[in-house]
Asks: 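Dropping the structure in here first, questions after.
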Amino acid sequence: MKTFTPDFELVLKTLRDFGLLLEADANLPSVSGLIAGEPVRGSWWAHPRSHDIFVVLQHLADHKDVMTTKLLSGKVTFVHRKLWSAVLSVGTARERWQVHALPPSARVLLKMIDRHGELRSDQLEWPPKFKSVKPGQPLRELEKRLLIHTEEFHSESGAHAKRLETWECWAKRKSFSRKVPEVVNAKQILEERLSTLNELFGAAAELPWTRSR
């Protein structure tokens with residue numbers, strides 16, 4: 001049976017309690033802040049406990065009850081399983097805020113992912129007409145609009161790469177078959193959860209559909 005450090009147990013309990021947890025933030029609960037014992041200004045890599053933060057982040061990303069997205073204010077956000085249905089509903093909705101004014105390169109990348117279900121960032125066959133645009137740029141656009149799910153991993157060479165997948169592919173890979181709520185209800189669930197967190201911690205984090213208004 002795998003055992004975890006007190007740092008990880010604290011982080012996981014906080015995520016269970018709040019449903020959402022940021023990697024780093026000056027106000028809202030975050031992994032770096034919990035381990036450092038105070039808000040971490042700037043990059044947490046410069047903090048004396050950066051190694052501990054890194055280890056906990058790796059364990060958290062691998063945990064069976066944790067999803068990683070760019071949900072809050074475009075930042076890396078960990079989502080507890082109890083909110084997966086709401087995020088899945090929003091992610092698959094393809095609402096106007098998700099697709100309006102989507103750059104051509106991002107549209108092409110989205111079509112590629114939709115067609116294959118899953119791709120690797122280090123193995124993309126990037127169209128020549130977009131040779132002046134690095135894939136990372138449209139990828140970030142798709143992430144912040146919740147149009148796809150991404151997950152970092154180490155490639156065979158040891159370099160960092162990302163798995164790019166449709167939400168349907170992600171749900172199948174995770175064996176997550178719970179019924180999702182209507183998108184209007186899903187958004188309300190997430191808005192209410194974030195509103196509570198913002199009030200508790202004096203923060204002003206936003207969800208992607210509210211940022212786009």
Side-chain angles (χ1 to χ4, degrees), residues 1-2 4 8-9 11-23 28-31 56-95 97-99 106 109-121 123 139-155 160-197 205 207-210:
M1 182 178 177
K2 184 180 288 188
F4 295 111
F8 180 80
E9 295 293 352
V11 166
L12 189 59
K13 180 182 185 304
T14 304
L15 177 57
R16 288 195 188 106
D17 290 344
F18 294 132
L20 303 170
L21 185 66
L22 286 158
E23 177 181 293
L28 288 177
S30 70
V31 175
V56 170
L57 286 170
Q58 296 302 300
H59 286 320
L60 197 61
D62 292 338
H63 196 277
K64 63 182 179 63
D65 292 331
V66 180
M67 170 202 291
T68 308
T69 71
K70 294 289 183 70
L71 186 65
L72 303 184
S73 299
K75 298 180 178 181
V76 175
T77 308
F78 299 101
V79 183
H80 191 268
R81 179 179 288 268
K82 60 188 175 184
L83 294 178
W84 283 8
S85 293
V87 175
L88 192 57
S89 176
V90 173
T92 56
R94 299 286 170 99
E95 291 193 307
W97 64 269
Q98 292 175 291
V99 299
L109 180 56
L110 181 59
K111 286 181 180 179
M112 292 169 63
I113 298 169
D114 281 345
R115 183 166 65 249
H116 295 282
E118 178 184 327
L119 293 171
R120 287 172 49 150
S121 62
Q123 296 179 353
L139 174 56
R140 287 188 291 272
E141 190 69 29
L142 298 182
E143 285 180 314
K144 76 179 186 180
R145 295 177 186 234
L146 299 185
L147 284 165
I148 60 171
H149 179 265
T150 65
E151 186 174 292
E152 287 194 356
F153 67 96
H154 282 93
S155 67
H160 284 281
K162 277 190 174 183
R163 177 187 289 111
L164 323 176
E165 59 190 338
T166 64
W167 284 106
E168 291 84 358
C169 186
W170 170 85
K172 183 177 180 180
R173 183 167 61 84
K174 291 293 187 178
S175 300
F176 186 73
S177 57
R178 188 180 303 172
K179 184 178 179 180
V180 301
E182 293 293 329
V183 66
V184 64
N185 296 327
K187 289 163 75 174
Q188 183 177 0
I189 290 169
L190 295 170
E191 287 170 5
E192 290 178 352
R193 183 60 59 103
L194 179 57
S195 177
T196 298
L197 288 173
L207 291 158
W209 56 92
T210 59

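Along the sequence shown, residues carry numbers from 1.
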Asks: Pro181 and Ala186: which non-hydrogen atoms are nearest, and at how many Å?
Replies: CG-CB, 3.8 Å
Asks: Is there a donor-acceptor pair under 3.5 Å between the side chain of Ser195 and the backbone N or O of Glu191?
Replies: no
Asks: Can you name the nearest heavy-atom pair linking Trp209 to Val90, along with the distance?
Replies: CZ3-CG1, 3.6 Å
Asks: Are Lys70 and Glu23 close enough for a salt bridge, meaning some N to O gap below 4.0 Å?
Replies: no
Asks: Sequence neighbours left out, what passes salt bridge (charged side-chain N to carboxylate O under 4.0 Å, His left out) with Lys82? Give chain and number order.
Replies: none
Asks: Quick one, Val87 and Met67 - any side-chain contact, counting heavy atoms below 4.5 Å?
Replies: yes
Asks: Minimum heavy-atom separation for Ser89 to Val180, with atom names?
Replies: CB-CB, 4.1 Å
Asks: My understanding is that only residues two or more places apart in sequence, or in another chain, count here; which of them pass side-chain hydrogen bond (donor to acceptor under 3.5 Å, both in side chains) with Asn185?
Replies: none
Asks: If you compare all heavy atoms of Gln98 against all heavy atoms of Gly91, which two are closest, and at what distance to 0.1 Å?
Replies: NE2-O, 3.5 Å
Asks: For Arg120, check salt bridge (charged side-chain N to carboxylate O under 4.0 Å, His left out) against everything at least two apart and list the hits.
Replies: Asp122, Glu156
Asks: If you take all heavy atoms of Leu142 and Ala106, which pair is closest and at what distance?
Replies: CD2-O, 3.7 Å
Asks: Using side-chain heavy atoms (C-beta onward) and a distance below 4.5 Å, is Leu194 in contact with Leu190?
Replies: no
Asks: Side-chain contact test, heavy atoms from C-beta onward, threshold under 4.5 Å: evaluate it for Leu72 versus Leu22 and give yes or no.
Replies: yes
Asks: Find out whether Arg16 and Leu12 are in side-chain contact, i.e. whether some heavy atom of one side chain is under 4.5 Å from a heavy atom of the other.
Replies: yes
Asks: How are the rings of Phe176 and Trp84 set to each other: parallel, tilted or perpendicular (split at 30° and 60°)?
Replies: perpendicular
Asks: Side chains of His63 and His80, heavy atoms from C-beta outward: is any pair under 4.5 Å?
Replies: no
Asks: What do you reckon, is CD of Gln123 surrounded by more than 12 foreign heavy atoms closer than 6.0 Å?
Replies: yes
Asks: Is there a donor-acceptor pair closer than 3.5 Å between any side-chain N or O of Ser121 and the backbone N or O of Lys162?
Replies: yes
Asks: Quick test of your reading: applying salt bridge (Lys or Arg N to Asp or Glu O under 4.0 Å), list the pairs with at least one residue in residues 57-66, sequence neighbours left out, ordered by first then second residue.
Replies: Asp65-Arg81
Asks: For Thr150, check side-chain hydrogen bond (donor to acceptor under 3.5 Å, both in side chains) against everything at least two apart and list the hits.
Replies: Glu143
Asks: So which atom in Trp97 and which in Pro208 form the shortest heavy-atom distance, rounded to 0.1 Å?
Replies: CZ3-CB, 3.6 Å
Asks: Main chain of Ala171, side chain of Ser175: is a donor-acceptor contact present, judged purely on distance under 3.5 Å?
Replies: no
Asks: Can you tell me which residue pairs pass the side-chain hydrogen bond (donor to acceptor under 3.5 Å, both in side chains) test with a partner in residues 164-173, sequence neighbours excluded?
Replies: His149-Glu165, Glu151-Arg173, Glu165-Arg173
Asks: Would you call Glu141-Arg145 a salt bridge at under 4.0 Å N-O?
Replies: yes
